[in-house]
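Have a look at the structure below before the remarks.
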Amino acid sequence: DTGVSQDPRHKITKRGQNVTFRCDPISEHNRLYWYRQTLGQGPEFLTYFQNEAQLEKSRLLSDRFSAERPKGSFSTLEIQRTEQGDSAMYLCASSLKTYVDTEAFFGQGTRLTVV
Amino acid sequence: GENVEQHPSTLSVQEGDSAVIKCTYSDSASNYFPWYKQELGKRPQLIIDIRSNVGEKKDQRIAVTLNKTAKHFSLHITETQPEDSAVYFCAASISGNTPLVFGKGTRLSVIA
């Protein structure tokens, strides 16, 4: 297991198109997080899962964003009707939740450019 | 919800000097405070973390201190080296219960 992997690494799309990103966490990790990072900012929380259950979504998250983790393994993040403001790096992270947090490992991210 | 403020946003130090980055948090229930380092074009990686049952933790040239009363924590890097140049992020969470909330980052430049 080489860590958290994300696909694609880069995506350029036209405004109004739908895009889907995939994240494969570290295999034994039960928690999976999606963050968005824009230039000069820290990662901004979007949503997270424990196994297949989506535990929380950011109040700032538009209805155009949806995420799934159908079998508690990989996850997808879909953005519908993309807007230029959606351009950012989308980071996935995973961790093993026991009774405390353990280290969250990040993927390389998917850089989205909406033109 | 939790809010994390981080200062300074940029920091330049001479090689061999120390660097200090400070963060404050708003939710007194937060009890887990990791620090991540992100090099240009790479993923954030954990460098050190601290839980609220301790006030200080060290790992070689890196140390983190926590003041629960004042709700702030700091990263200290001693004997800085050019490879320490990166963006550093602090974060806070209620361990096991809430996702990490990150600060906006500090760009550290170590000048040789």
Side-chain angles (χ1 to χ4, degrees), chain A residues 2-7 9-10 23-26 29-50 53-61 67 69 75 88-111, chain B residues 1-11 21-25 27 29-54 57 59 64 75 86-108:
Chain A
T2 56
V4 180
S5 62
Q6 293 186 243
D7 184 72
R9 294 288 306 278
H10 304 273
C23 172
D24 286 272
I26 294 172
H29 285 183
N30 53 4
R31 284 209 167 167
L32 186 148
Y33 307 83
W34 284 100
Y35 285 86
R36 175 171 60 193
Q37 187 176 27
T38 53
L39 197 62
Q41 300 294 315
E44 175 193 16
F45 169 72
L46 297 179
T47 188
Y48 82 111
F49 295 83
Q50 180 157 316
Q54 189 172 19
L55 296 188
E56 186 177 340
K57 290 175 61 174
S58 168
R59 288 170 293 175
L60 302 176
L61 198 61
R69 194 182 183 198
S75 174
M89 176 72 84
Y90 289 84
L91 291 167
C92 175
S94 71
S95 69
L96 177 63
K97 191 264 182 182
T98 55
Y99 61 95
V100 293
D101 275 325
T102 58
E103 178 180 351
F105 290 85
F106 281 86
Q108 294 271 35
T110 294
R111 182 169 296 283
Chain B
E2 176 65 275
N3 183 51
V4 176
E5 300 282 342
Q6 183 171 348
H7 299 279
S9 57
T10 60
L11 179 60
I21 302 170
K22 298 182 179 181
C23 289
T24 60
Y25 61 99
D27 190 345
S30 289
N31 56 9
Y32 176 61
F33 308 94
W35 286 86
Y36 282 80
K37 176 183 180 181
Q38 187 174 30
E39 297 178 39
L40 190 63
K42 296 191 176 181
R43 69 189 79 192
Q45 291 192 296
L46 180 75
I47 56 171
I48 195 168
D49 58 12
I50 191 168
R51 301 183 188 275
S52 60
N53 57 342
V54 297
K57 184 177 179 181
D59 183 4
V64 57
L75 177 71
V87 179
Y88 292 81
F89 295 100
C90 62
S93 73
I94 303 172
S95 183
N97 287 305
T98 62
L100 292 172
V101 175
F102 285 84
K104 291 189 176 182
T106 296
R107 180 173 299 279
L108 173 64

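Sequence lines set the chain letters: A, B, ... in the order given, protein chains first and strands last, and positions in each chain run from 1. Quick caveat, the model's predicted, so the values are computed rather than measured.
Side-chain atoms of Phe105(A) and Leu46(B), non-hydrogen and from C-beta on, never get closer than 4.5 Å to each other.
Between Tyr48(A) and Pro99(B) the shortest heavy-atom distance is CE2-CD, 3.6 Å. Annotation for Gly42(A) and Phe89(B): closest pair CA-CE2, 3.2 Å, computed over non-hydrogen atoms.
For a residue to count as touching a neighbouring chain, one of its non-hydrogen atoms must lie under 4.5 Å from one of that chain's; by this rule Gln38(B) touches chain A with the side chain only.
Considering only heavy-atom pairs separated by less than 4.5 Å from chain B, the leading option among Gln41(A), Glu56(A), Arg111(A) is Gln41(A). By number of non-hydrogen pairs under 4.5 angstrom with chain B, the leading residue of Gln108(A), Glu44(A), Arg59(A) is Gln108(A).
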Evaluate the criterion ring pair (Phe, Tyr, Trp, His ring centres under 6.0 Å) for residue pair Phe45(A) and Phe102(B); output intermediate values, then yes/no.
CA-CA 8 Å; Phe45(A) 169 72; Phe102(B) 285 84; over 10 Å; no
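Taking CD of Glu103(A) as the start and CD of Gln45(B) as the end, the distance is 8.5 Å to the nearest 0.5 Å.
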